[in-house]
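Down below is the structure, laid out as structure tokens.
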Amino acid sequence: MAESVNVIGAGLVGCLAAIALAKRDFEVTLFDYRQDPRLETTKDRNLRSINLAISARGITSLEFVDEQISQRVLKNMIPMRGRMIHDLAGNQESQDYGLFGECINSIDRSVLNNNLLDEVDRFSNIHVKFGHKLSRVDFSREKQTCVFTTDAKEQKSYDADFVVGCDGAYSTTRSQMQREVRMDYSQEYIDCCYIELYIPPAETQDATFGSFVMSPNHLHIWPRHNFMLIALANGDGSFTSTFFGPWSLVESLDSRTKIEEFLKCNFSDALDVMGHKNAVDAFERNPRGALMCVECKPYHVDQGRAIILGDAAHSMVPFYGQGMNCGFEDVKVLMRLLDAHPQDRAAVFAEYSLNRHEDLVSIIKLAKDNYKEMSHGVTSRLYLIRKKLDTLLGKWLKDKWLPLYTMVSFKADIPYHKAILTEQRQKRILAYIQAVILATLPIGGLGLYKIIRKTLKNYRK
Ligand SMILES: Cc1cc2nc3c(=O)[nH]c(=O)nc-3n(C[C@H](O)[C@H](O)[C@H](O)COP(=O)(O)OP(=O)(O)OC[C@H]3O[C@@H](n4cnc5c(N)ncnc54)[C@H](O)[C@@H]3O)c2cc1C
Ligand SMILES: NC(=O)C1=CN([C@@H]2O[C@H](COP(=O)(O)OP(=O)(O)OC[C@H]3O[C@@H](n4cnc5c(N)ncnc54)[C@H](OP(=O)(O)O)[C@@H]3O)[C@@H](O)[C@H]2O)C=CC1
Ligand SMILES: Nc1ccccc1C(=O)C[C@H](N)C(=O)O
């Protein structure tokens, strides 16, 4: 008889995990405490970030699970080939993400989630139960008993051979596992609040951008050092814009006048396309989100009884646009292990915990660091020179020199921790080249050229 699994959370990662397990003939029950988000009557939808950036790791993981499903669920992505930096005067400057035109992609979170749920419905061995909030898990050798509170406030129990927790940053699966396992765990809030704003479609068709008021193929950034605004395009011509800034700053903007003054002073071109009144209304009324990182280890309960994936295992700040991508990659990594050892789930889960940790802490760190880069780095002359040099070397040396952004966003075959190691080595070389340039400026161009050539020749070997 097929083994049974309870997947907790029908968000992005839970749906993908359910499909991947169903394809391996497990009998899957997928639970979510919310109602079906596809129903008109559902009010409590997942409201975190309207759109998301999906890149190589997310896409290749979807393809790994099922190529056709991947094509269907990723139908309406909008490619973004670079950052568009908006300065205080409203000038825009494009900075490409990839060496050869590679793009990350803007995708609507709820469309993606709903599409994945439609795919889940195609499987006769996945049973979906909405309105079921996990409250307890009793682990035993034979069966894992998951206890839920339903919308009707009833307690219901469902047994399964094992549990896969994909219930997000505040995971109940994780906290229940902590009763069973000596799990290291940390949660850290960063001093940054986010507020979602909205840029409507153009009133009349723009000659260059059609129904968009600015380029849809860029991730727009208004970097203002210790705070910033960003915007990602939606399929209907609108943009979802997000403000990020310290809590004390947001709390100090305690009147409409102060908010309007602040927005006018720092983001005047954005304010024009949002509409002054709408922007102030949104800033004043929309929820203020907190941002945090969660790290833990191990990710499983022994004897193959439970495992956590996605934000439940590694919540990260959104600045690299990797949270969901990494969660999808979790599914791929776990399935590869299961395919290699289908009869030994205990060993698979243990190996997953052991090998995945290094990559997960790496991307959590990279995500934190990227706030500085987006809000400040992109405006610094030194950063721009280094980026130019990095790009030049990347284009010249091909896959012998890979900028960090390329490794993280476009090279799914390079584990996050290896991307950091490679970047550290390249950074040392870049610093050396920079020092050489500065030191040899007085000597003249020829000497400089020879030294750089020699350095790169050695590196190429
Ligand atoms: C502002 C912002 C912007 C972001 N942008 C990006 C981006 O551009 N690219 C990217 O890759 N990532 C991004 N992320 C991160 C991304 O949103 C998460 O990594 C992703 O949603 C994680 O998916 P998940 O399925 O693990 O968790 P979730 O999407 O949180 O899904 C968890 C599900 O579990 C359910 N659930 C929770 N508790 C229970 C319970 N007790 N019982 C039953 N069900 C439960 C919830 O209802 C939910 O449906 C962003 C995050 C934020 C906050
Ligand atoms: N990395 C980050 O900084 C952030 C990541 N996210 C991601 O987006 C997902 C969706 O977010 P959202 O829709 O708000 O939440 P979720 O749907 O994930 O909330 C699910 C559960 O978390 C509980 N919960 C919510 N806030 C807290 C809290 N502060 N402390 C303890 N438990 C809490 C809720 O409990 P109850 O119903 O009992 O209140 C609910 O059961 C998150 O799960 C997370 O994965 C979201 C925000 C920030
Ligand atoms: N999706 C996001 C949501 C919030 C903040 C940033 C992003 C990004 O994707 C940033 C992008 N990776 C960048 O480095 O420019």
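Both ligands and their constituent atoms are indexed starting at 1 by order of listing. Fair warning: this is a prediction, and the values are worked out from it, not measured in the lab.
When Ala17, Cys15, Gly168, Ala10 are ranked by how near their heavy atoms come to atom 27 (O) of ligand 1, first place goes to Gly168. Distances from atom 19 (O) of ligand 1 to the heavy atoms of Asn105, Asp311, Asp32 show the closest one on Asp311.
Applying the 4.0 Å criterion to heavy atoms of Asn325 picks out, from ligand 1, the atoms 11 (O). With ligand atoms numbered from 1 in the order given, ligand 1 contributes 33 (C), 34 (O), 35 (C) to contacts under 4.0 Å with heavy atoms of Gly9.
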Could you please spell out the steps behind the side-chain hydrogen bond (donor to acceptor under 3.5 Å, both in side chains) verdict for Asp151 and Gln35? CA-CA 9 Å; Asp151 279 356; Gln35 285 301 328; 2.2 Å; yes
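Salt bridge Asp281/Arg285: present, at least one basic N to carboxylate O contact under 4.0 Å.
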Check each N or O atom of ligand 3 against all protein N or O atoms and list the pairs under 3.5 Å, with atom names and distances to 0.1 Å, one per line.
| from | atom 1 | to | atom 2 | distance (Å) |
| --- | --- | --- | --- | --- |
| ligand 3 | 12 (N) | Tyr320 | O | 3.3 |
| ligand 3 | 12 (N) | Tyr405 | OH | 2.6 |
| ligand 3 | 14 (O) | Arg83 | NH2 | 2.8 |
| ligand 3 | 14 (O) | Asn370 | ND2 | 2.9 |
| ligand 3 | 15 (O) | Arg83 | NE | 2.7 |
| ligand 3 | 15 (O) | Tyr97 | OH | 2.7 |

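Within the structure, ring-ring contact (aromatic ring centres under 6.0 Å, His included) pairs that include any residue of residues 99-128 do not occur (at least two apart or interchain). Residue pairs satisfying the salt bridge (charged side-chain N to carboxylate O under 4.0 Å, His left out) criterion with at least one member in residues 404-416, sequence neighbours excluded, are absent.
Although no hydrogens or angles enter the test, the distance criterion places no donor-acceptor pair under 3.5 Å between the side chain of Glu373 and the main chain of Asp369.
Here Leu134 has heavy atoms under 4.0 Å from ligand 1 in both its backbone and its side chain. In Tyr194, the part holding a heavy atom less than 4.0 Å from any atom of ligand 1 is the side chain.
Considering backbone and side-chain N/O atoms, Gly310 never comes within less than 3.5 Å of an N/O atom of ligand 1.
Taking the six-membered ring for Trp and thresholds of 30 and 60 degrees, Phe319 and Phe244 have ring planes more than 60 degrees apart, a perpendicular arrangement.
For Tyr158 and Phe148, the distance between ring centers is under 6.0 angstrom. Taking the six-membered ring wherever Trp is involved, the centroid distance between the rings of Tyr405 and Tyr320 falls below 6.0 Å. In this structure, Phe26 has its ring center under 6.0 Å from that of Phe162. Proximity of the aromatic rings of Phe283 and Phe243 is defined here by a centroid distance below 6.0 angstrom, and this criterion is met.
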Side chains of residues 214-232: which donor-acceptor pairs under 3.5 Å do they make with residues two or more places apart or in other chains?
| from | atom 1 | to | atom 2 | distance (Å) |
| --- | --- | --- | --- | --- |
| Ser215 | OG | Asn217 | N | 3.1 |
| Ser215 | OG | His218 | ND1 | 2.8 |
| Asn217 | ND2 | Pro79 | O | 2.8 |
| His218 | NE2 | Ser94 | OG | 3.0 |
| His220 | ND1 | His86 | NE2 | 2.8 |
| His220 | NE2 | Ser215 | O | 2.6 |
| Trp222 | NE1 | His86 | ND1 | 3.4 |
| Trp222 | NE1 | Asp269 | OD1 | 3.0 |
| Trp222 | NE1 | Asp269 | OD2 | 3.4 |
| Arg224 | NE | Asn266 | O | 2.8 |
| Arg224 | NH1 | His86 | O | 2.9 |
| Arg224 | NH2 | His86 | O | 3.3 |
| Arg224 | NH2 | Asp87 | O | 3.3 |
| Arg224 | NH2 | Asn266 | O | 3.0 |
| His225 | ND1 | His376 | ND1 | 2.8 |

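Close to ligand 1: Arg109, with a non-hydrogen atom less than 4.0 angstrom away. Between His132 and ligand 1 there is a heavy-atom distance shorter than 4.0 Å. Using a 4.0 Å heavy-atom cutoff, Cys166 is listed among the residues neighbouring ligand 1.
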